[in-house]
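Position 1 is the first residue of the sequence; numbering continues from there.
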Amino acid sequence: MATLFTAFKGNGNSANKIVRSLDGDKLFLTNSYDGLRKDIDNVNDTYDLVYMFGLDKALKGNVRIESTARKDDVCLYSDMNFHSIVRKLNQSGIKTHIGNTPTQSLCNEAYWHMLKKYNCHVLFFHVPSIKYATEDFIAKISAVLC
């Protein structure tokens with residue numbers, strides 16, 4: 001099964017650190033609306049799954065999986081079984097919940113474009129800042145997703 005992992009560029013970014021640690025194809029998105037759209041449009045390979053990661057500084061050692069992305073009042077939804085992933089992350093000790101209120105952010109924009117491109121086989125994870133993304137935290141995410 002071909003899997004793509006994405007995060008935004010920036011070595012001090014916990015999402016970037018998590019993606020660099022995972023086995024599989026990786027895409028590091030430009031930190032601008034036009035740039036990330038071009039990055040996603042330029043992906044030519046076919047993937048069965050796309051796991052996207054973004055930073056949310058309000059999180060402290062837990063994860064929020066986004067169920068919805070919205071752009072111009074058009075909502076797109078992941079068709080992945082994220083409840084299984086939530087259960088596995090929770091069992092590993094990482095408190096995980098589902099977000100269903102998209103905001104106007106780079107993360108939402110990236111998620112929307114990727115959902116549109118890959119016909120909903122995409123899931124977006126918001127993760128805490130580097131302070132809370134310990135090696136143990138990253139290892140647990142890797143064990144669940146890889």
Same hydrophobic cluster for [X] and [Y], using side-chain heavy-atom links shorter than 4.5 Å among ILVMFWY?
X: Leu55; Y: Phe137; value: no
X: Ile130; Y: Leu29; value: no
X: Leu59; Y: Val127; value: no
X: Val63; Y: Tyr132; value: no
X: Leu22; Y: Ile94; value: yes

Heavy-atom side-chain proximity of [X] to [Y] below 4.5 angstrom:
X: Phe125; Y: Ile18; value: no
X: His113; Y: Lys71; value: yes
X: Asp79; Y: His121; value: yes
X: Gln91; Y: Val144; value: no

In Å, rounded to the nearest 0.5 Å, how long is the span from [atom1] of [X] to [atom2] of [Y]?
X: Arg87; Y: Asn90; atom1: CZ; atom2: CG; value: 10.0 Å
X: Asp39; Y: Lys9; atom1: CG; atom2: NZ; value: 5.5 Å
X: Glu109; Y: Leu36; atom1: CD; atom2: CG; value: 6.0 Å
X: Asp23; Y: Phe5; atom1: CG; atom2: CZ; value: 8.0 Å
X: Asn16; Y: Phe53; atom1: CG; atom2: CZ; value: 11.5 Å
X: Leu27; Y: Met114; atom1: CG; atom2: CE; value: 5.5 Å

Just by modelled atom types, is the [Y] backbone N or O under 3.5 Å from a matching donor or acceptor in the [X] side chain?
X: Ser14; Y: Pro128; value: yes
X: Ser78; Y: Met80; value: yes
X: Ser67; Y: Gly99; value: yes
X: Lys140; Y: Ser92; value: yes
X: Lys38; Y: Thr30; value: no
X: Tyr51; Y: Leu145; value: no
X: Asp72; Y: Val74; value: no
X: Asn62; Y: Lys60; value: yes
X: Asn108; Y: Arg70; value: yes
X: Lys95; Y: Gly93; value: no

What closest approach, in Å, do Ile138 and Ala133 show between heavy atoms, and which atom pair accounts for it?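 It is CD1-O, 3.7 Å.
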Which atom names give the shortest non-hydrogen contact between Lys17 and Glu135, and what distance separates them?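 The pair with the smallest heavy-atom distance is NZ-OE2, 3.1 Å.
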If the test is side-chain contact (heavy atoms from CB on, under 4.5 Å), which one of Ile98, Leu89, Thr96 qualifies with Phe82?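 It is Ile98; the other options fail the test.
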Intermediate values then yes/no, side-chain contact (heavy atoms from CB on, under 4.5 Å), Tyr33 and Leu106: CA-CA 6 Å; Tyr33 288 94; Leu106 284 175; 3.8 Å; yes
Derivation and outcome, side-chain contact (heavy atoms from CB on, under 4.5 Å), residues Lys117 and Val122: CA-CA 9 Å; Lys117 181 175 184 106; Val122 181; over 6 Å; no
Lys57 atom NZ, over 12 foreign heavy atoms within 6.0 Å: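 No, NZ of Lys57 has 12 or fewer neighbouring heavy atoms, counting only those of other groups under 6.0 Å.
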Stepwise, does the side-chain contact (heavy atoms from CB on, under 4.5 Å) test hold for His126 with His97? CA-CA 10 Å; His126 270 113; His97 61 280; over 6 Å; no
May I ask you to decide whether Asp34 forms a salt bridge with Arg37, counting only side-chain N to carboxylate O separations under 4.0 Å?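 The answer is yes: the pair qualifies as a salt bridge.
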